[in-house]
Amino acid sequence: MIQALSKEGISSELKLPNGQMLKNRIVKASMEEGLSDQEFLPSQRLFKLYERWSQSGAGLLLTGNVMVDLNGLTGPGNVILRKDMNLSPLKKWAEIGQSGGSKIWMQINHPGRQTFGFISETPVAPSPVKVHIPGRMFSKVFGVPRALSGEEIKGLIQKFVDAAILAEKAGFNGVEVHSAHGYLLNQFLSPISNIRKDEWGGSLENRARFLLEVLKGIKASVRSDFGIGVKINSADFQGGGFQEEDSIQVIKMLEPIGLDLLEISGGNYESPAMQGTGTNKREAYFLDFAKKAKEMTRIPLLVTGGFRSRAVMEEAVISKEADLIGIAAPFAFYPTFVKGLLSGNIENVSVEIPKLSNPAINSLSKMSAIRLQFRRMGEGKDPKLPGSLIWNMIRDQIRGRRNAKNYRKFLEQISSKRIAS
């Protein structure tokens with residue numbers, strides 16, 4: 001077995017292409033916190049949560065979804081960026097995240113059609129193709145989308161660029177563009193959700209155009225030492241959708257841009273492989289694809305999904321299957337476990353959340369249980385698994401609907417201010 005404290009393993013530093021130095025190979029993967037304040041800015045609870053994570057010992061902290069568009073919200077309670085916003089809360093967030101020696105990158109995103117119906121009944125998407133989750137009870141979970149116009153697409157590209165500029169001004173070390181898990185950029189990549197006949201659909205080159213234009217725009221607008229990463233699916237795990245061969249081709253398209261980080265994940269709400277592929281018993285279920293990706297790119301590779309034992313993490317890094325190890329759920333329940341992992345005092349870090357039979361309910365209940373931990377830590381409490389996953393999920397949905405009402409009021413206020421001015 002590989003020695004746990006190898007100088008080439010997870011404890012080793014990594015210099016990214018932009019010159020940024022990460023103190024080790026462990027990354028807190030992105031998880032949606034849902035802890036914004038009434039104006040959808042970082043709240044005191046979000047600061048308190050990141051105070052815990054800043055002391056985790058991780059080399060890099062990736063934030064949860066931060067929205068690039070006022071009209072696109074993955075979940076109520078997320079931070080929303082806008083050009084005229086007060087940067088002070090963002091600056092404090094970035095400062096806290098770096099207070100323990102970690103780097104912090106902001107993950108920027110737009111949900112597209114994967115917007116809950118209680119937030120928007122008519123979200124935007126590449127094409128008017130609704131998210132389909134089996135079961136009558138899920139028929140209205142997501143709204144029926146409308147197709148974006150070409151001009152709207154160009155406007156959203158600029159909003160991603162503006163978001164990166166704001167993150168840089170606020171003091172974040174980089175941004176990760178979310179193009180996985182069925183969100184808007186991933187929707188454009190998939191021939192299931194993108195059935196357009198114009199320059200933004202059809203061939204893979206056209207379907208990847210939105211993502212490539214976003215990344216090129218950010219690259220041209222930020223400092224050379226500001227990190228730029230992208231998260232993509234290895235596959236959507238849906239017949240006729242975005243496949244491994246497509247992902248490899250997109251990775252080849254990314255190579256000339258000059259990115260600093262490429263995160264590999266997979267799945268979406270219709271097929272939630274980001275919580276386990278269900279077909280591969282191997283720990284770290286995206287490593288097989290990572291091997292293929294490594295042959296195609298020099299971009300440092302972050303592999304997220306399933307890592308739980310130190311031995312597997314060490315082997316992945318030393319064998320160069322992955323440059324960085326992304327870990328998500330354990331950070332919700334054991335916020336400072338990385339120190340023990342790096343010192344050799346912890347061999348495994350597992351989260352035992354009971355699995356429910358329905359894949360969609362299982363995915364939603366798991367995310368609700370994780371968000372509960374964020375709220376607890378944001379209130380200064382320790383993590384604790386809920387007594388009932390179903391009831392916790394229901395309460396989370398009720399809370400989401402309350403936040404959605406606040407969101408609609410917020411949009412009305414923004415609209416009124418614009419009319420008045």
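Salt bridge annotation for K291-E321: present, with a cationic side-chain nitrogen under 4.0 angstrom from a carboxylate oxygen. Taking a cutoff of 4.0 Å between a charged side-chain nitrogen and a carboxylate oxygen, R223 and E168 qualify as a salt bridge. Salt bridge annotation for K409-E412: absent, with no cationic side-chain nitrogen under 4.0 angstrom from a carboxylate oxygen. Salt bridge absent: K219 and D260 never bring a charged side-chain N and a carboxylate O closer than 4.0 Å. A salt bridge between D323 and K294 is present, with a side-chain N of the basic residue lying under 4.0 Å from a carboxylate O of the acidic one. Between E255 and R298 there is a salt bridge, since at least one side-chain N of the basic residue sits less than 4.0 Å from a carboxylate O of the acidic one. With salt bridges taken as basic N to acidic carboxylate O contacts below 4.0 Å, none links E33 and R371.
Nearest heavy-atom pair across E263 and A29 is OE2-CB, 4.4 Å. Taking every heavy atom of both residues into account, I104 and A94 meet most closely at CG2-O, 3.7 Å. Annotation for A170 and L90: closest pair CB-CB, 3.6 Å, computed over non-hydrogen atoms. When all heavy atoms of T115 and F142 are compared, the pair lying nearest together is O-CD2, 3.3 Å. Minimum heavy-atom separation, I108 to A163: CG2-CB, 4.0 Å. Here the closest non-hydrogen pair linking S36 and S43 is C-CB, 3.9 Å.
When only modelled atom types and interatomic distance are considered, N348 and S350 share no side-chain donor-acceptor pair under 3.5 Å. Between the side chains of R25 and S12, at least one donor N or O sits under 3.5 Å from an acceptor N or O. Checked by atom type, the side-chain pair T74/N78 shows a donor-acceptor distance below 3.5 Å.
Using bins of under 30°, 30° to 60° and over 60° for the plane-to-plane angle, the ring pair F410/F40 lands in the tilted bin. Between Y183 and H181, the ring planes are tilted. Angles from 30° to 60° get that label.
Distance CG/N403 to CG/L73: 9.0 Å, rounded to 0.5 Å. Distance check: L62 CG to F172 CZ gives 11.0 Å after rounding to the nearest 0.5 Å. Rounded to the nearest 0.5 angstrom, I80 CD1 and M85 CE are separated by 9.5 Å. N173 CG to D225 CG: the interatomic distance, rounded to the nearest 0.5 Å, is 9.0 Å. Atom CZ of F337 and atom CG of L342 lie 9.0 Å apart (nearest 0.5 Å). L61 CG to I26 CD1: the interatomic distance, rounded to the nearest 0.5 Å, is 12.0 Å.
Looking only at side-chain heavy atoms (C-beta outward), L301 and L324 stay at 4.5 Å or farther from each other. At least one side-chain heavy atom of L259 sits under 4.5 Å from a side-chain heavy atom of L215. The shortest distance between side-chain heavy atoms of V66 and E32 does not fall below 4.5 Å. Residues F307 and V349 form no side-chain contact, since every pair of their non-hydrogen atoms from C-beta on lies 4.5 Å or further apart. Between M377 and K48 the shortest side-chain heavy-atom distance does not fall below 4.5 Å. Residues V68 and L81 have side chains not in contact (no heavy-atom distance under 4.5 Å, counting atoms from C-beta outward). Between L14 and M21, the closest side-chain pair of non-hydrogen atoms is not below 4.5 Å. In this structure the side chain of V303 never reaches within 4.5 angstrom of the side chain of F289, judged on heavy atoms.
No donor-acceptor pair under 3.5 Å is formed between the side chain of T297 and the backbone N or O of A293. Looking at N24, its side chain never comes within 3.5 Å of a backbone N or O of S11 through a donor-acceptor pair. Using modelled atom types, one side-chain atom of R207 and one backbone atom of L189 make a donor-acceptor pair closer than 3.5 Å. Remark: side-chain polar atoms of S247 are paired, donor with acceptor, to backbone N or O of N233 under 3.5 angstrom. With hydrogens and angles ignored, the 3.5 Å screen pairs a side-chain donor or acceptor of R113 with a backbone N or O of K130. A donor-acceptor contact shorter than 3.5 Å links the side chain of S56 to the backbone of A58. With hydrogens and angles disregarded, a donor-acceptor distance shorter than 3.5 Å links the side chain of Q373 to the backbone of A369. In this structure a side-chain-to-backbone donor-acceptor pair under 3.5 Å is present from Q98 to G171. Looking only at distances, a side-chain donor or acceptor of S193 sits under 3.5 Å from a matching main-chain atom of Q187. A donor-acceptor pair under 3.5 Å is formed between the side chain of N362 and the backbone N or O of L356.
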For this session: Show the numbers, then the answer: is there a side chain to side chain donor-acceptor pair (under 3.5 Å) between N65 and N109?
Result: CA-CA 6 Å; N65 286 321; N109 192 11; 2.9 Å; yes
Exercise. Are L156 and H110 close enough, and set up right, to give a side-chain contact (heavy atoms from CB on, under 4.5 Å), and what steps lead you there?
Worked result: CA-CA 9 Å; L156 285 175; H110 190 294; 3.9 Å; yes
Exercise. Would F210 and L184 satisfy side-chain contact (heavy atoms from CB on, under 4.5 Å), going step by step from the backbone distance to the final call?
Worked result: CA-CA 10 Å; F210 194 161; L184 183 62; 4.0 Å; yes
For this session: Evaluate the side-chain contact (heavy atoms from CB on, under 4.5 Å) criterion for residues Q44 and K92: first the C-alpha distance (whole Å), next the side-chain angles of each, then the deciding distance (0.1 Å), finally the verdict.
Result: CA-CA 10 Å; Q44 292 300 318; K92 185 172 182 179; 3.8 Å; yes
Exercise. Given S99 and S54, is the side chain to side chain donor-acceptor pair (under 3.5 Å) satisfied, shown in steps?
Worked result: CA-CA 6 Å; S99 62; S54 71; 3.2 Å; yes
For this session: Determine, step by step, whether T336 and Q55 satisfy the side chain to side chain donor-acceptor pair (under 3.5 Å) criterion, reporting the C-alpha distance in whole Å, the side-chain angles of both residues, the deciding distance to 0.1 Å, and the verdict.
Result: CA-CA 6 Å; T336 59; Q55 303 305 311; over 6 Å; no
For this session: Test side-chain contact (heavy atoms from CB on, under 4.5 Å) on L302 and L262 and set out the steps.
Result: CA-CA 6 Å; L302 164 61; L262 173 62; over 6 Å; no
Exercise. Run the side chain to side chain donor-acceptor pair (under 3.5 Å) check on S30 and Q107 step by step: do they pass?
Worked result: CA-CA 7 Å; S30 179; Q107 186 185 81; 3.0 Å; yes
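F374 pairs in a ring pair (Phe, Tyr, Trp, His ring centres under 6.0 Å) with only one of the listed residues (F331, F333, W53), which is W53. Put simply, the residue from E213, R209, E152 that forms a side chain to side chain contact (heavy atoms under 4.5 Å, CB included) with I157 is E213.
Remark: N71 pairs with D69, L411 by the side-chain contact (heavy atoms from CB on, under 4.5 Å) rule, at least two apart or across chains. Annotation: salt bridge (Lys or Arg N to Asp or Glu O under 4.0 Å) contacts of R399 (sequence neighbours excluded): D396.
Residues F226 and W105 keep their aromatic ring centres 6.0 Å or farther apart.
The number of heavy atoms from other shown groups lying within 6.0 Å of CD (E95) does not exceed 12.
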